[in-house]
Amino acid sequence: MFLTNTTEQLQKIAKLFDEYGDYVRFWLGPELAIAVKNPTDIRTLLSSNKLNQKGPLYNLMKPFIGPGILSGGPTWRLHRKIVTPSYNKKSVQQFSKVFNSEAEQLVRVLRNKRSDTYDIYYDVLTCTTQCVCQTLMGLSKEDSMQLPNLTEIVRKTQSMYNLIFKRMTLWWLQIPFIYWLTGHKKQQDHFFRLIDDFTSIILEKRRKALKTEVVDEELRSVVDRLIQSGELNDQEIKHEMFTLFTTSQEAAAKIAAGVMMILAHLPDWQEKVYEEIQEVVGSSPVTESHIKELHYLDMVYKETLRYFSIAAFIQRTVEEEITINDSKITLPVGTSLIIPIHVLHRDPKHWEEPLKAKPERFLPENVKNRDPNAFIPFSLGPMDCLGRVFATAMIKTIVVHVIRSVHLEADGVIDDIPLEVAISVRSANGYQVRSRVRKEQNGVKANGVVHN
Ligand code: HEM
């Protein structure tokens, strides 16, 4: 099933569900796997404490990020507990200053673009990377600008994900000799060195700083929390540091760029979002209370999360027998459970014209008529996304700054955009837009729209 290119994989998985319904059983190598697409059962399964173990596919990430917060294992619960305070509402509010200032920097870059179409992803990625370095990693702006390897790590993350995903889906690459023979091992070792240099420098900087600095509780970075907990050795800290770095800047950049691409394709929605920003935020820095009032932006954000489901599918191992589907299906201990978030988010049972981007799906009257468990972009339960509040505040702050300063355009219609899956999902052809600086003078904006 998985032996195909990264774009076709999502279509193949979706086809399986078309043929077999909400429950699909199959063999994944030597393991019996069951994939479940029924929203009520998904909630039951992901909220259960009988499945607090990631599935075997995550083992292939462990050489890069060790056992821990993302890949699971015995240290998952403790490590997650240590870093969690950095992701709560209070801490994220404190980080807002950095989000605003880095978003302004992004706007300066976009204002200098020529009129040609370009992929906005890399500019957004630079912005989210700086935000993460100056918050979760605990670095100053100066230090994060000077980090050696930062650009290389950030640029090469996608190739690293491709490498891990290839190994997850091509069984012969799991044989060490073939992995070595094909040159993939050499590539992996190169990534290891990059990650190790990068994380060692941050660890050293923070360890030194903590000898003299007193940091406010809410501003403490995840790196500081990991060091000061005294529970992890250096290798474990470096693994978790890279996990938290790579899960955050990259996923958030894909979604922020996705929001901008959808707005570029839907001028009416861009106008609504722009008007709302003018009314609620004006030219001030973006705060949490502004974000709560930006309802149109929230609808576009949610539609982007549905359209580009970052985690196409997630996997768990059943630790204690559990029954679903009105007790008609029993999942025995050791079963590998797959939740196909991408397929769920495009199931015509819940989403009309699922291949189209339509933010109106999230109007209150439409949400009311839909099963709430049919939309789970951040997963659910004890192993859900730790960065939900952080990601939402950072992405919306960035989008507000961009949309109030530049008008975005794109060619064609958003209808079945090809996607690529390699750990996380992205638009296969990038996030292509054109931008024009907005100038509001006497009710006439630079985009030519006249307001009375
Ligand atoms: C909008 C962007 C994002 C989306 C859609 C997203 C989605 C998800 C999903 C679906 C999972 C579950 C993965 C699994 O079970 O295998 C997850 C896990 C995780 N996410 Fe996010 N994420 C986003 C951004 C972030 C950010 C910005 C951070 C950090 C600031 C973050 C940190 C994490 C961590 C640490 C986990 C592992 C949690 C655990 O297993 O205990 N994510 N994310």
Side-chain angles (χ1 to χ4, degrees), residues 42 45-47 51-61 65 67-73 75-88 91-92 95 98-99 124-125 127-129 131-137 164 168 221-223 225-226 239-259 298 300-317 336-342 344-345 375-399 421 423-426:
I42 289 178
L45 290 164
L46 290 179
S47 312
L51 286 105
N52 276 349
Q53 190 60 256
K54 299 279 169 116
L57 286 176
Y58 294 75
N59 288 339
L60 296 163
M61 290 184 198
I65 55 172
I69 298 177
L70 183 64
S71 53
T75 53
W76 163 76
R77 193 180 297 275
L78 174 67
H79 291 188
R80 180 166 167 136
K81 196 169 159 221
I82 292 170
V83 299
T84 293
S86 289
Y87 295 92
N88 67 26
S91 289
V92 171
F95 296 152
V98 174
F99 299 161
V124 177
L125 182 64
C127 175
T128 57
T129 301
C131 288
V132 170
C133 285
Q134 293 169 49
T135 56
L136 300 176
M137 298 294 120
I164 301 173
M168 282 178 174
S221 68
V222 291
V223 181
R225 289 182 198 280
L226 291 167
H239 274 147
E240 294 300 18
M241 204 193 292
F242 190 65
T243 300
L244 298 169
F245 176 76
T246 196
T247 48
S248 52
Q249 35 82 249
E250 190 267 342
K254 283 176 179 161
I255 297 298
V259 172
D298 189 55
V300 181
Y301 175 58
K302 286 183 174 145
E303 179 62 348
T304 311
L305 290 170
R306 181 196 73 84
Y307 204 94
F308 299 104
S309 309
I310 280 292
F313 48 87
I314 56 176
Q315 194 190 30
R316 301 280 184 270
T317 300
S336 180
L337 168 75
I338 293 181
I339 306 293
I341 299 180
H342 168 81
L344 175 70
H345 283 176
F375 182 59
I376 52 161
F378 295 102
S379 180
L380 290 173
M383 292 191 138
D384 70 345
C385 175
L386 194 52
R388 179 190 193 128
V389 175
F390 182 99
T392 303
M394 174 167 69
I395 292 168
K396 288 185 176 175
T397 303
I398 293 172
V399 174
V421 54
I423 309 291
S424 61
V425 169
R426 67 186 196 114

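Residues: numbered from 1 along the sequence shown. Below, each value reflects all heavy atoms present in this structure, side chains not excepted, and no hydrogens, waters or symmetry copies. One-based numbering, in listed order, for ligands and for the atoms of each. Everything quoted here is computed from the prediction, not taken from an experiment.
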dist I339:CD1 -> Q315:CD (nearest 0.5 Å) comes out at 10.5 Å
Would you call the rings of F375 and H345 parallel, tilted or perpendicular if under 30° counts as parallel and over 60° as perpendicular?
tilted
* For this output row, return yes or no: ring centroids of F390 and F99 closer than 6.0 angstrom. => yes
Lining ligand 1 at under 4.0 Å, by non-hydrogen atom distance, are residues K54, Y58, I69, L70, W76, R80, Y87, L136, L244, T247, S248, A251, I255, L305, I310, A311, I314, R316, P377, F378, S379, M383, D384, C385, L386, G387, F390, A391, I395
Of T304, I398, V124, the one forming a side-chain contact (heavy atoms from CB on, under 4.5 Å) with V259 is T304
Sorted by chain and residue number, the side chain to side chain contact (heavy atoms under 4.5 Å, CB included) partners of T129 (sequence neighbours excluded) come out as L125, C133, L150, V154, F245, Q249
All heavy atoms of M394 vs all of A252, minimum pair found to be CE-CB, 3.4 Å
